[in-house]
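Position 1 is the first residue of the sequence; numbering continues from there. These values consider heavy atoms only, across backbone and side chains, with no hydrogens, waters or symmetry-generated copies. Quick caveat: nothing in here was measured; it's all calculated off a predicted structure.
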Amino acid sequence: MESQHLLADSADATRRDYGCWSGRELRDPTRRAFPVKCRSSSVSGQADEELYIQQAVVFIEDAIQYRSINHRVDASSLRLYRWYYSRICQWGLGLTIAVVLLLAFVERPSSLSVTSDSRYRSPPWEPPCGFTESIEIVCLLIFTLDLAIKSYLIGWDEFKKNKWLMSYTMVISISIIDWVLSISMVCDEKLRVRRLIRPFFLLQNSSLMKKTLKCIKRTLPEIASVILLLALHLCLFTMIGMLLFPKTEDPLKNQEWKVYFRNLPTSLTSLLVLLTTANNPDVMIPAYSQNRGYAIFFISFSVMGTYCMMNLLTAIIYNQFRGYLLMSVQTSINRRRLGIRAAFQVLRSHDAENAAGERVPIDAVLQVMSRIQMQSYYREAITSETRQYQTEGFMNREQFKQIFDELDKDRINEHPPAPQYNSVVLQKLQVIFSHSYFTVFGNAVALAHVVCICTVLVLNSDKSTGERDNLYMEIINMCFIIYYLSEMCVKIFALSWKGYLSYRNNIFDGFLTILLLVLQITIYVIYRLPHSHVDPSSDGVFSLWEMVRFVNVLVVFRFLRIIPDIKLMALVASTLLDLVKNLRAFAGILVVVYYIFAVFGIWLFEGAIKPPPDMSVPYNTSMENITSNFSTECGTYEQLGYWPNNFDDFAAAIILLYDVMIINNWQAFMDAYTRYTTEWSKVYFVCWWFTSSVMWVNLFVALILENFTYKWDRSHSCSVTDVERIRYETSVQLMFKEQVKEPTEEELLCQLQQHRHLHLHWGHT
């Protein structure tokens with residue numbers, strides 16, 4: 001989890017913690033910096049050296065995590081800082097955020113019911129007053145502690161300048177006040193303001209999410225011209241449409257006017273929905289039935305709006321997003337270089353005799369590396385580079401910087417070497433079983449197994465589970481599973497255990513093979529096939545058909561093993577995996593937006609849509625046996641049976657917002673809430689469409705394009721074997737590392753001079 005941007009404290013507190021310096025020396029930019037203590041300091045030399053080591057450790061950890069180094073650096077603060085950013089504390093804070101957000105599913109209106117269909121939904125379980133409130137107050141106390149720690153680490157002066165921490169304070173205060181009101185009203189309040197501001201806790205805890213918001217804020221003025229042009233396009237065609245389809249004396253020619261162009265709001269809504277293609281060609285059919293020439297109006301609107309302006313909007317958002325990524329990566333690189341430079345500066349004072357020189361002792365560097373919390377492969381690489389200078393005993397600034405360049409390199413996992421066999425026969429078998437053709441043959445066998453399952457399913461599609469003969473399917477499955485087990489064994493023979501497990505597709509394949517074998521043996525033991533007299537559809541823990549069906553699902557799932565062997569498919573799959581890692585900030589923004597719109601939707605529309613009384617039935621009653629005189633117009637919310645999509649609880653609201661984001665038939669929801677509430681409800685749905693489908697989806701597309709292009713450029717010249725042999729770990733920083741500029745030495749020293757907590761004495765080198 002990325003840290004908040006920590007700023008500096010006052011210079012007076014710094015003097016008290018570390019010592020003194022002269023203003024004349026600070027004003028001299030030609031001098032080098034290293035930390036020193038005052039002559040009057042009572043701290044021993046050994047304690048100073050330990051402090052310098054600890055400072056270097058924290059600075060390098062900041063560099064690894066792209067954190068700011070502008071925080072307190074005294075011994076007690078560093079211990080608190082490392083504890084705060086430890087894995088257990090950050091996971092605990094993340095869990096607290098998740099818990100406080102998930103409370104919306106339990107609070108009234110509760111989502112704890114089997115169905116959200118208002119026709120036959122049973123009353124949900126409502127928590128007693130004080131249950132969710134007790135959990136919430138614990139979370140708020142944790143957030144208060146989090147705020148206190150962050151505030152202490154940056155100091156009061158900078159706290160007053162930090163808008164995020166000030167907002168954090170305000171949100172916690174409002175939440176506690178609203179919580180007290182809830183308790184005083186015995187949880188019977190109509191509106192919980194704190195539900196709306198809970199997503200802030202997620203937002204403020206990620207610097208990347210904050211940068212994403214800044215990007216969106218900066219993007220809005222850029223796309224304003226296109227939005228205005230789009231609005232002008234919509235208004236112009238609305239006027240033309242109302243002129244083309246007025247009310248006439250002939251009722252047969254009024255269908256277009258009656259349904260889509262009756263008045264200005266209806267006309268605007270009809271063409272706005274057409275802009276998303278959700279009501280195409282329905283909106284055109286009444287007029288097109290009278291005169292084919294009317295198709296020109298609708299086609300012109302769609303071509304200009306949907307295919308030109310909307311795609312232009314996508315291009316602008318993509319261009320701005322790319323610039324944002326470059327800016328974000330540049331900031332991250334600057335933070336890393338500054339952290340490494342600061343670590344070098346404090347390590348110079350570890351050896352008093354060489355403090356004035358531009359070098360640090362190797363022993364101090366190795367001691368720092370042994371304490372840093374980092375991934376083992378980076379530690380091994382940096383330590384190995386450091387030991388090359390051990391004979392000299394010292395390394396200079398450039399060498400110190402170069403050893404940490406390992407952090408910017410791709411992680412490359414080479415597979416272990418194959419075992420060596422003395423026997424000629426075993427060597428030939430090893431060549432055969434490790435050859436790519438053997439893998440192709442295994443994929444062909446897996447495909448044949450899937451085809452067999454598909455054939456049996458087609459032959460038995462009209463039979464009930466009791467009528468199906470599962471004997472042949474079980475025999476087929478067992479034969480193939482025996483082959484899969486044999487294939488796994490010979491691959492282990494050819495590659496060794498370590499070599500076999502170094503391939504992710506082998507882990508996937510081997511796990512499913514063992515699971516299939518266990519299930520198949522269980523089926524034979526329980527049902528004693530092929531001479532079983534047990535009813536295959538009999539109820540138990542699992543019926544025979546259910547177990548066979550589960551086996552077949554795993555067999556089909558196992559066929560995904562072909563992905564690493566097809567180059568383009570492997571690139572697409574790896575891109576999706578990288579998106580999971582790199583999309584945390586964007587997924588967080590989407591969660592925040594969903595949460596806020598869902599809460600607003602519940603406030604505005606809870607219980608607005610209610611089915612007619614003769615359609616409401618108990619949950620355990622079959623709807624097929626219900627007869628009703630209730631009839632609705634084709635294509636409406638009621639006729640389509642969209643009753644489960646409502647704002648009656650938080651979970652249902654989330655699903656409805658997702659359905660609107662997908663666009664298909666979103667006009668049915670907007671029309672229903674317009675009829676049941678007011679015309680102004682359209683504003684809510686249009687805002688959600690613009691936020692989710694226009695802004696978020698385009699940002700998502702931009703990240704996919706960047707990630708895939710990067711992968712494609714790197715792997716275009718590689719064969720399938722090379723792509724499988726070497727696995728790259730991709731991050732956003734690695735994607736743009738060739739396009740960012742390295743900060744200069746003067747820029748780094750200038751930023752170090754501005755660090756109020758780190759005392760620097762400037763002396764000649």
### Message
Could you go through Arg336 and Ile340, starting from their C-alpha distance and side-chain angles, then the distance that decides it, and tell me whether this counts as side-chain contact (heavy atoms from CB on, under 4.5 Å)?
### Response
CA-CA 6 Å; Arg336 173 166 288 183; Ile340 294 172; 4.0 Å; yes
### Message
Working note: Arg335 + Asp62, criterion side-chain contact (heavy atoms from CB on, under 4.5 Å); need CA distance, chi angles, decisive distance, verdict.
### Response
CA-CA 8 Å; Arg335 285 187 174 186; Asp62 288 340; over 6 Å; no
### Query
Hey, mind stepping through Val346 and Val73 against side-chain contact (heavy atoms from CB on, under 4.5 Å) and telling me if it holds?
CA-CA 11 Å; Val346 296; Val73 291; over 6 Å; no
### Stepwise side chain to side chain donor-acceptor pair (under 3.5 Å) check, Thr331 with Tyr66
CA-CA 9 Å; Thr331 302; Tyr66 300 106; over 6 Å; no
### Message
Quick one, Trp156 with Phe159, criterion side-chain contact (heavy atoms from CB on, under 4.5 Å). Give me CA distance, side-chain angles, the key distance, then yes/no.
### Response
CA-CA 5 Å; Trp156 172 247; Phe159 170 81; 3.3 Å; yes
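The two atoms that bring Gly588 and Leu202 nearest to each other are O-CD2, 3.9 Å, heavy atoms only. Contact between Phe59 and Gly339 at its shortest, heavy atoms only, is CB-O, 3.5 Å. The two residues Tyr595 and Ala104 make their nearest non-hydrogen contact at OH-CB, 3.2 Å. For Leu51 against Ala75, the heavy-atom pair with the smallest separation is CD1-N, 3.8 Å. Taking every heavy atom of both residues into account, Thr132 and Leu103 meet most closely at O-CD1, 4.1 Å.
The residues Arg192 and Glu133 are annotated as salt-bridged, a charged nitrogen and a carboxylate oxygen being separated by less than 4.0 angstrom. We find that Arg194 and Glu136 are joined by a salt bridge, their nearest charged nitrogen and carboxylate oxygen being less than 4.0 Å apart. Using a 4.0 Å cut-off between charged nitrogen and carboxylate oxygen, Glu392 and Arg359 do not count as a salt-bridge pair.
There is no side-chain donor-acceptor pair under 3.5 Å between Gln367 and Asp363.
Taking CD1 of Ile69 as the start and CD of Gln751 as the end, the distance is 7.5 Å to the nearest 0.5 Å. If you take CG on Asp146 and CD1 on Ile97, they are separated by 7.5 Å, rounding to the nearest 0.5 Å. With rounding to the nearest 0.5 angstrom, the CG atom of Leu153 is 7.0 Å from the OH atom of Tyr85. Distance check: Gln54 CD to Ser77 OG gives 11.5 Å after rounding to the nearest 0.5 Å. The CG atom of Leu752 sits 9.0 Å away from atom CG of Asn70, with the distance rounded to the nearest 0.5 Å. From Leu102, atom CG reaches atom CG of Leu95 across 9.5 Å, with rounding to the nearest 0.5 Å.
Contact check for Leu366 versus Gln390: side-chain heavy atoms found under the 4.5 Å cut-off. For the pair Arg337/Glu742, a side-chain contact is recorded, criterion being any heavy-atom separation below 4.5 Å from C-beta on. Within the 4.5 Å cutoff, the side chain of Lys150 has heavy atoms near those of the Tyr84 side chain. With a 4.5 Å cut-off on side-chain heavy atoms, Arg397 and Arg341 count as touching. Looking at heavy atoms from C-beta onward, Phe344 lies out of side-chain contact with Leu748 at the 4.5 angstrom threshold. No side-chain heavy atom of Leu749 sits less than 4.5 Å from a side-chain heavy atom of Glu746. Side-chain contact check for Trp164 versus Leu203: some heavy-atom pair is nearer than 4.5 Å. The shortest side-chain heavy-atom distance between Asn698 and Ile316 does not fall under the 4.5 Å cut-off.
Taking the six-membered ring for Trp and thresholds of 30 and 60 degrees, His71 and Tyr81 have nearly parallel ring planes, at less than 30 degrees apart.
Each of Arg371, Arg67, Arg82, Gln373 was evaluated against Glu61; a single residue qualifies, Arg82, per the side-chain hydrogen bond (donor to acceptor under 3.5 Å, both in side chains) test. The one candidate from Ile177, Leu141, Ile197, Leu147 that meets the side-chain contact (heavy atoms from CB on, under 4.5 Å) condition with Ile172 is Leu147.
In terms of modelled atom types and a separation under 3.5 Å, the side chain of Lys210 and the main chain of Gln204 share a donor-acceptor contact. At distances below 3.5 Å, at least one donor-acceptor pair connects side-chain atoms of Thr144 with backbone N or O atoms of Leu140. A donor-acceptor pair under 3.5 Å links the side-chain atoms of Thr169 to the main chain of Leu165, judged by distance alone. Gln753 places no side-chain N or O within 3.5 Å of a backbone atom of Cys750 that could act as its donor or acceptor partner.
A cation-pi contact, defined as under 6.0 Å to the ring centre and within 45° of the axis, links Arg72 to Tyr152.
Looking at residues two or more places apart in sequence or on another chain, you find a ring pair (Phe, Tyr, Trp, His ring centres under 6.0 Å) between Phe201 and Phe143.
No more than 12 heavy atoms of other residues, nucleotides or ligands lie within 6.0 Å of CE in Met170, so this atom counts as exposed by the packing criterion.
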